[in-house]
Amino acid sequence: MRAIVQSKFGSPSEVLRMADVPRPSIKEDEVLVRVRATCVHADLWHSVTGLPYSWRFMLGWRAPRHPVPGTDIAGIVEAVGGKVTRFRVGDEVFGATTRGFSIGNWGAFAEYATAPEESLASKPANVTFEQAASVPASGYIAFSNLIGMSASMAGQKVLINGAGGGVGTIALQMLKARGAHVTAVDAGPKLDVLRSLGADEAVDYTKTDFMQRSLRQGTQYDLLLDVASNLSLRECRRALKPAGLFIWIGHEHYGRAQGGRFLGSGFPQIFRLMTKSLIGDPNLPKMKFPVVVPKLSEALAAMRNLMAEGKLVPYVEAYPLESFAGAFRHMESGEVRGKVVLVI
């Protein structure tokens, strides 16, 4: 079968190549999927480049442990293991090739991929394979950070910083499904998409200092979701209601965020935030950290239901599998509206 492979870490355009590799075999609890679409998401940048270096404890130190990148898939069931009961040959499915939420190379960038039964869900008929493939990783992140929020958020005000990417567009629609009033912040070219997905207000951060605007207008939020991970925490505290929550996702911006090559910016910042939150730093907003880590199957079931009900419409930009280098460059540019997917 055709697949994208890598044998060392580095720039996606330099270390990834197309190759013919053996079709994978399945275990008793696994499903063989003929992949119709797969997703290029931010964690894959870390898996391909091996940066920051601390990630290599999980990825492999000198080279990736597995040669075929990718984790998120949508496609058609080709074969099932002996212990699989939920799927049959010909079923349309989406999900992940990993056992639970995980990073690394897990074989999704190929014509065929194996996935544990528990890591797959039936694809709703009203979404395309490309849309479904964009959901698993980003949907899990959005779901795990919003899992403790009320099922009804009518009358609550939410601001999402970095709303135009994969996590942001899903979180926006999840929050709108709960009745929240959502202000979505991103670059100007993404605002029409955000409005089409239900944003009550869409703000171009390149033209408006949205935090200062909120403070001047006296607007306070019940929730600040910082997907872009670049907000001033002091300003966030002032922009939140007394019982308001701040959620920091931890985006590394493909190596452009300030941080060392070993730890990067994400790990040190989340450690600092958790430490200061525990000791009660008065300059910090009240922060929410995922206490109970949900199962991937829970997130997939929730995403499937939202898509089937028309409450979640994934927005994607598609590339053919052979154009993987261009797909990575587009993702790294920060200009993607929604999610980048590869079509097979």
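We count residues from 1, following the sequence as given. What you see is a predicted model; the values in this text were computed from it and never measured.
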Between [atom1] on residue [X] and [atom2] on residue [Y], distance to nearest 0.5 Å:
X: Leu59; Y: Phe9; atom1: CG; atom2: CZ; value: 5.0 Å
X: Leu306; Y: Lys176; atom1: CG; atom2: NZ; value: 14.0 Å
X: Ile147; Y: Phe143; atom1: CD1; atom2: CZ; value: 4.0 Å
X: Asn230; Y: Trp248; atom1: CG; atom2: CH2; value: 10.5 Å
X: Asp186; Y: Asp204; atom1: CG; atom2: CG; value: 8.5 Å

Next on the checklist: Tell me whether Arg238 at atom CZ has more than 12 heavy atoms from other residues, nucleotides or ligands lying less than 6.0 Å away.
Outcome noted: no
Checklist entry - Quick check: are there more than 12 heavy atoms from other residues, nucleotides or ligands sitting under 6.0 Å from NZ of Lys27? => result no
Next on the checklist: Under 3.5 Å, is there a donor on one side chain and an acceptor on the other for Glu317 and His330?
Outcome noted: yes
Checklist entry - Distance only, no hydrogens: is a donor on one side chain within 3.5 Å (strictly under) of an acceptor on the other, for Ser150 and Ser152? => result no
Shortest non-hydrogen separation from [X] to [Y] and the atoms involved:
X: Ala108; Y: Val68; value: N-CG1, 4.3 Å
X: Ala180; Y: Asp200; value: O-OD2, 3.8 Å
X: Gly334; Y: Lys190; value: O-NZ, 2.9 Å
X: Cys39; Y: Leu44; value: O-CD1, 3.3 Å
X: Ala63; Y: Lys8; value: CB-CA, 4.4 Å

Checklist entry - Taking the six-membered ring of Tyr112 as reference, does the NZ or CZ atom of Arg23 fall below 6.0 Å from its centre and within a 45° cone about the axis? => result yes
Item to check | Ring-face cation of Lys339 near Tyr315 (centre distance under 6.0 Å, axis angle within 45°) | outcome: no
Checklist entry - How would you list, by chain and number, every residue that makes a salt bridge (charged side-chain N to carboxylate O under 4.0 Å, His left out) with Glu111, sequence neighbours excluded? => result Arg2
Checklist entry - What do the steps show when you test Gln220 against Leu240 for side chain to side chain contact (heavy atoms under 4.5 Å, CB included), and what is the final call? => result CA-CA 5 Å; Gln220 289 189 307; Leu240 281 167; over 6 Å; no
Item to check | Partner of Ile247 under side-chain contact (heavy atoms from CB on, under 4.5 Å), chosen from Val227, Asp226, Ile160, Leu223 | outcome: Leu223
Checklist entry - Of Leu175, Val158, Leu245, which meets side-chain contact (heavy atoms from CB on, under 4.5 Å) against Met149? => result Leu245
Next on the checklist: Pair Phe129, Phe94 - check side chain to side chain contact (heavy atoms under 4.5 Å, CB included), show working.
Outcome noted: CA-CA 8 Å; Phe129 287 107; Phe94 77 104; over 6 Å; no
Item to check | side chain to side chain contact (heavy atoms under 4.5 Å, CB included) assessment of Leu321 paired with Met18 | outcome: CA-CA 9 Å; Leu321 181 66; Met18 190 75 73; 3.9 Å; yes
Checklist entry - With a 4.5 Å limit on heavy-atom distance, are the side chains of Val31 and Val93 in contact? => result no
Item to check | CA sep, side-chain torsions, deciding dist, call: His41, Ser134, side chain to side chain donor-acceptor pair (under 3.5 Å) | outcome: CA-CA 8 Å; His41 55 79; Ser134 74; over 6 Å; no
NZ/NE/NH1/NH2 to OD/OE distance under 4.0 Å, [X] and [Y]:
X: Arg304; Y: Glu298; answer: no
X: Arg216; Y: Asp209; answer: no
X: Lys83; Y: Glu28; answer: no

Checklist entry - What do the steps show when you test Thr219 against Lys157 for side chain to side chain donor-acceptor pair (under 3.5 Å), and what is the final call? => result CA-CA 9 Å; Thr219 303; Lys157 291 185 176 183; 5.1 Å; no
Item to check | Stepwise side chain to side chain contact (heavy atoms under 4.5 Å, CB included) test for Val21 and Met1 | outcome: CA-CA 6 Å; Val21 299; Met1 66 174 187; 3.7 Å; yes
